[in-house]
Amino acid sequence: MGIRLLKIASVYFLLAIILGMFMSITHQFNYAPSHAHIGLLGWTSLALAGIIYHLFPDAARNKLATSHFWLHNIGLPIMMIGLLVFETGKTAFEPVIAIGATLTSLGVVLFVINVLLNVKSNP
Ligand code: HEM
Ligand code: HEM
């Protein structure tokens with residue numbers, strides 16, 4: 001679980017810098033929110049979760065972790081695709097962002113519960 005998340009996170013890192021370079025070169029700064037969240041919810045948050053799951057296997061082997069994994073990894077692409085299309089001016093895509101953000105946020109809530117319950121110092 002931890003290693004899989006680190007690999008997924010690194011792909012988001014690549015996507016974030018590609019979009020950052022694209023915005024910089026074309027001066028289309030309207031994409032800043034999707035760029036920021038691909039970087040922060042994709043690369044940074046998933047990499048941190050991956051490191052935590054790797055360091056604390058008890059937190060990685062339960063239903064909270066599995067549910068977080070799928071909610072985050074299904075919700076975030078929906079949220080980011082919705083946001084990117086929204087940023088092109090198609091404001092009708094706002095509900096897509098909301099659905100993706102809700103799934104991602106639910107995943108994060110489960111992640112937090114999991115960390116509070118199952119991340120413990122070694123006896
Ligand atoms: C080569 C890599 C990158 C380039 C060229 C780049 C470029 C940019 C540009 C052009 C903006 C818009 C600035 C503006 O509108 O004022 C921006 C904003 C932002 N970038 Fe990047 N970026 C890069 C990597 C990253 C990464 C890896 C992250 C996160 C892990 C990140 C997080 C952010 C955030 C949070 C903002 C919004 C800042 C704000 O609201 O003022 N960027 N970036
Ligand atoms: C589902 C979760 C999240 C939602 C729905 C969300 C939503 C938003 C919204 C609506 C904005 C304002 C965008 C604008 O006015 O341009 C924003 C900005 C921002 N958020 Fe989030 N956010 C989420 C998670 C996060 C996380 C986890 C981080 C950091 C680790 C983060 C960092 C930022 C930053 C740096 C900005 C300013 C970026 C900019 O100006 O474009 N967000 N977020």
Side-chain angles (χ1 to χ4, degrees):
M1 167 85 67
I3 302 294
R4 256 192 297 164
L5 280 178
L6 287 170
K7 288 181 193 273
I8 294 168
S10 70
V11 175
Y12 277 110
F13 195 11
L14 182 65
L15 296 176
I17 64 158
I18 289 172
L19 188 53
M21 292 299 292
F22 170 78
M23 284 196 306
S24 308
I25 292 165
T26 62
H27 286 209
Q28 295 187 61
F29 301 115
N30 49 312
Y31 294 106
S34 56
H35 162 73
H37 291 86
I38 289 169
L40 294 169
L41 271 170
W43 160 235
T44 320
S45 302
L46 286 180
L48 279 173
I51 292 167
I52 290 171
Y53 288 141
H54 190 67
L55 285 176
F56 301 94
D58 284 352
R61 284 191 224 105
N62 60 48
K63 288 204 172 105
L64 288 168
T66 311
S67 306
H68 164 235
F69 180 92
W70 287 112
L71 285 165
H72 204 135
N73 284 306
I74 292 170
L76 187 55
I78 294 173
M79 180 181 167
M80 289 305 106
I81 289 166
L83 188 53
L84 278 161
V85 178
F86 181 89
E87 286 162 345
T88 66
K90 296 192 174 62
T91 51
F93 271 71
E94 199 170 340
V96 179
I97 308 173
I99 291 166
T102 304
L103 294 174
T104 309
S105 302
L106 283 172
V108 169
V109 169
L110 300 183
F111 170 74
V112 172
I113 295 171
N114 192 11
V115 169
L116 294 176
L117 291 178
N118 296 314
V119 170
K120 296 177 185 136
S121 57
N122 288 328

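Please read all numbers here as calculations on a predicted model, not as lab measurements. In this chain, numbering begins with 1 at the start of the sequence shown.
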J.: Quick one: does His37's side chain have a donor or acceptor within less than 3.5 Å of a partner on Pro33's backbone?
T.: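 Yes; at least one donor-acceptor contact below 3.5 Å.
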
J.: What are the two closest heavy atoms between Ser24 and Phe29, and how far apart are they?
T.: CA-CE2, 4.3 Å

J.: Listed by chain and number, what are the side chain to side chain donor-acceptor pair (under 3.5 Å) partners of Ser34, not counting sequence neighbours?
T.: Glu87

J.: In terms of hydrophobic clusters joined by side-chain contacts under 4.5 Å, are Phe56 and Ile3 together?
T.: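 In one cluster: no.
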
J.: Which pair of heavy atoms, one from Ala32 and one from Met23, lies closest together, and at what distance?
T.: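 Closest approach of Ala32 to Met23: N-SD, 3.4 Å.
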
J.: Determine all donor-acceptor pairs shorter than 3.5 Å in which one atom belongs to a side chain in residues 88-103; sequence neighbours excluded.
T.:
| from | atom 1 | to | atom 2 | distance (Å) |
| --- | --- | --- | --- | --- |
| Thr88 | OG1 | Val85 | O | 2.5 |
| Thr102 | OG1 | Ala98 | O | 2.6 |

J.: Leu46, Leu48: one ILVMFWY side-chain cluster at the under-4.5 Å cut-off?
T.: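 As far as the 4.5 Å side-chain criterion goes, Leu48 and Leu46 are not connected within one cluster.
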
J.: Determine the minimum heavy-atom distance between His72 and Ser45, stating which atoms define it.
T.: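 Here His72 and Ser45 meet closest at CE1-CB, 4.3 Å.
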
J.: Is it possible for you to say whether Ile17 and Leu19 belong to one hydrophobic cluster, with membership spreading through side-chain heavy-atom contacts below 4.5 Å?
T.: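 Yes, one cluster joins them.
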
J.: Would you compute the distance between atom OH of Tyr12 and atom OG1 of Thr44 and round it to the nearest 0.5 angstrom?
T.: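 Rounded to the nearest 0.5 Å, the OH-OG1 separation comes to 12.5 Å.
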
J.: Please report the shortest heavy-atom distance between Ser67 and Leu110, naming the atom on each side.
T.: CB-CD1, 3.5 Å

J.: What distance do Phe69 atom CZ and Ile8 atom CD1 have between them, rounded to the nearest 0.5 Å?
T.: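 Between atom CZ of Phe69 and atom CD1 of Ile8 there are 4.0 Å.
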
J.: Just how far is it from atom NE2 of His54 to atom CG of Leu6, taken to the nearest 0.5 Å?
T.: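 Separation between the atoms: 8.0 Å.
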
J.: Flag the pair Met80 / Leu15 as yes when at least one side-chain heavy-atom distance between them is below 4.5 Å, and no otherwise.
T.: no

J.: Let me check something: do Trp70 and Val115 share a hydrophobic cluster, defined by ILVMFWY side-chain heavy atoms less than 4.5 Å apart, either directly or through other members?
T.: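 Shared cluster, yes.
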
J.: Find out whether Leu55 and Val119 are in side-chain contact, i.e. whether some heavy atom of one side chain is under 4.5 Å from a heavy atom of the other.
T.: no

J.: Side chain to side chain contact (heavy atoms under 4.5 Å, CB included) between Val109 and Leu71: does it pass, once the steps are laid out?
T.: CA-CA 10 Å; Val109 169; Leu71 285 165; over 6 Å; no

J.: Quick check: do Asn62 and Leu117 have side-chain heavy atoms less than 4.5 Å from each other?
T.: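 Contact flag for Asn62/Leu117 side chains = no.
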
J.: With the 4.5 Å side-chain cut-off for hydrophobic clustering, are Tyr31 and Met21 part of the same group?
T.: no

J.: Which class fits the ring pair Phe13 and Trp43: parallel under 30°, tilted 30 to 60°, perpendicular over 60°?
T.: parallel

J.: Might you point out which heavy atoms bring Val108 and His68 nearest each other, and give the distance in Å?
T.: N-CD2, 4.1 Å

J.: Look only at the side chain of Asn114 and the backbone of Ala59, and say whether a donor-acceptor pair between them is shorter than 3.5 Å.
T.: yes

J.: For the residue pair Thr104 and Gly75, what are the closest heavy atoms and their distance?
T.: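 In terms of heavy atoms, the two residues are closest at OG1-C, 3.2 Å.
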
J.: Nearest 0.5 angstrom please: Phe22 CZ to Gln28 CD, how far?
T.: 4.0 Å

J.: Enter the distance from Ile51:CD1 to Leu5:CG here, rounded to the nearest 0.5 Å.
T.: 10.5 Å

J.: Distance from Ile81 atom CD1 to Leu83 atom CG, nearest 0.5 Å?
T.: 11.0 Å

